[in-house]
Amino acid sequence: MTSGVARRPAGAPSGDEPGEHAAPSGRVVTSGRPPWWLLLGALLVAVAVTADLLTRGYLERVDLQVSEVVSGWDLRNSPAYWPVWVVTQIGGRGTILAVLAVLVGWLCVRRRTLLPLVRVLAALLLLTVVVYAVKFGTGRTAPAYPGSFFHRDGASYPSGHVANAVLMWGVARWQAVEYRLRPWLQRTLWWLSVLGPVATGVAMVSLDFHWVTDAVVGAAVGLLLLGVVRGLDSSVLSRWARVRAGRPPAQT
């Protein structure tokens, strides 16, 4: 039995902040760091799917078949268009950045650290460079484009919305857990980091904005970038923040 007072590790946030909970650990979900085997799987999926598409393989035929079915639904010209479009915005950069602006602003002011902001900026930079490099490198056109699937004007592959949802909701969840914000917020961001990319991908494909493989590889790229950002944080960003604050590295 204990006295009911939980000891905190040195440097850990206290339980009396407005955005925190008085639970012993303060963490009600995991921070979502991708394990090595999941990152390896994501890399293999991205490489294999890309190779298949560039050689006009089996997956391109699957994409065409799915797109034919979806086109028959004609959701773009139905009352369902706007509700489904709203779902696509779960992975929209504007939506996620609006949430992150509040979350990161709060943390930076209350904890007097720029680390959450630096993490978000690093994630955004990597996302923009990598996703657009692949988009313009492959030149894949969207399903609505007539007659060609790899063209100099194509920028459909991979889905930036899905990659954005995986990476940026993952970063948001990470901050909420690491800084021990309220359990409801941790759980909400956990659900968004897990189901947000799925909902975004399904909605984008349902509206015929993207091919199925665009969404799949978008998720793989987002996962890989999340792993890269976490690695950069462990090796550079958090160490820089501790030095700036005059604190020794945290004990692991």
Side-chain angles (χ1 to χ4, degrees), residues 39 41-78 80-97 122-170 196-229:
L39 294 176
L43 178 62
L44 292 175
V45 166
V47 171
V49 172
T50 303
D52 182 89
L53 293 174
L54 291 176
T55 56
R56 315 305 289 264
Y58 172 75
L59 294 178
E60 184 181 66
R61 295 192 293 274
V62 172
D63 278 340
L64 290 169
Q65 291 169 359
V66 172
S67 180
E68 184 177 356
V69 172
V70 168
S71 296
W73 297 347
D74 197 22
L75 293 183
R76 294 195 194 189
N77 297 307
S78 76
Y81 173 79
W82 286 109
V84 177
W85 181 86
V86 168
V87 175
T88 69
Q89 296 312 295
I90 295 174
R93 185 168 294 195
T95 303
I96 300 176
L97 287 183
L124 277 175
L125 178 62
L126 283 170
L127 179 73
T128 302
V129 170
V130 172
V131 168
Y132 281 97
V134 179
K135 279 180 178 290
F136 295 128
T138 57
R140 192 180 198 196
T141 53
Y145 190 90
S148 177
F149 304 105
F150 291 93
H151 188 275
R152 65 182 181 180
D153 295 327
S156 180
Y157 179 85
S159 168
H161 275 64
V162 176
N164 191 51
V166 173
L167 176 60
M168 302 312 293
W169 285 127
V198 176
T200 300
V202 170
M204 297 295 280
V205 172
S206 297
L207 291 177
D208 221 19
F209 287 167
H210 273 293
W211 309 100
V212 172
T213 51
D214 292 350
V216 170
V217 174
V221 169
L223 192 60
L224 287 168
L225 292 179
L226 182 57
V228 171
V229 174

Fill in the blank from the handout: What one should report as the nearest heavy-atom pair of A46 and Y157 is O-OH, 4.0 Å
Practice task
Starting at NE2 of H161, measure out to CD of Q89 and round the result to the nearest 0.5 Å.
Solution key: 4.5 Å
Practice task
Report the C-alpha separation of V62 and V212 in whole Å, then their side-chain angles, then the decisive distance to 0.1 Å, and conclude whether the side chain to side chain contact (heavy atoms under 4.5 Å, CB included) test is met.
Solution key: CA-CA 8 Å; V62 172; V212 172; 5.7 Å; no
Completion exercise
What one should report as the nearest heavy-atom pair of G222 and V166 is C-CG1, 3.5 Å
Problem - Any D74 side-chain heavy atom under 4.5 Å of S78 side chain - result: no
Problem - Spacing of L225 atom CG and L167 atom CG [to the nearest 0.5 Å] - result: 5.5 Å
Practice task
Rounded to the nearest 0.5 Å, what's the gap from CG on N164 to CD1 on I90? Could you check?
Solution key: 12.0 Å
Practice task
Could you walk me through whether H210 and V162 pass side chain to side chain contact (heavy atoms under 4.5 Å, CB included), step by step?
Solution key: CA-CA 10 Å; H210 273 293; V162 176; over 6 Å; no
Problem - Shortest non-hydrogen contact between A42 and A220, atoms and distance - result: O-CB, 3.5 Å
Problem - Minimum heavy-atom distance T55-A51, with the two atoms named - result: OG1-O, 2.9 Å
Handout entry: Nearest-0.5 Å distance that lies between atom CG in L207 and atom CH2 in W85
Key = 10.5 Å
Practice task
Would you indicate whether the side-chain heavy atoms of M168 and T95 approach each other to under 4.5 Å?
Solution key: no
Exercise for the section: Report the distance from atom CG of L54 to atom OG1 of T138, rounding to the nearest 0.5 Å. Expected result: 7.0 Å
Completion exercise
On a heavy-atom basis, the closest approach of L75 and A80 is CD2-CB, 4.2 Å
Problem - Atom pair CG (L97) and CG (L124), whose distance is rounded to the nearest 0.5 Å - result: 5.5 Å
Practice task
Please collect all salt bridge (Lys or Arg N to Asp or Glu O under 4.0 Å) contacts where either partner lies in residues 125-142, sequence neighbours excluded, each pair once.
Solution key: D63-R140, R140-D214
Problem - Atom OH of Y81: over 12 foreign heavy atoms under 6.0 Å - result: yes
Exercise for the section: Determine whether the side chains of T141 and D153 contain a donor N or O and an acceptor N or O closer than 3.5 Å. Expected result: no
Exercise for the section: Provide the closest heavy-atom pair for S156 versus W211 in the form atom of the first, atom of the second, distance. Expected result: OG-CD1, 4.2 Å
Problem - Test applied, side-chain contact (heavy atoms from CB on, under 4.5 Å); reference residue, V47; option that passes from L44, L43, T50 - result: L43
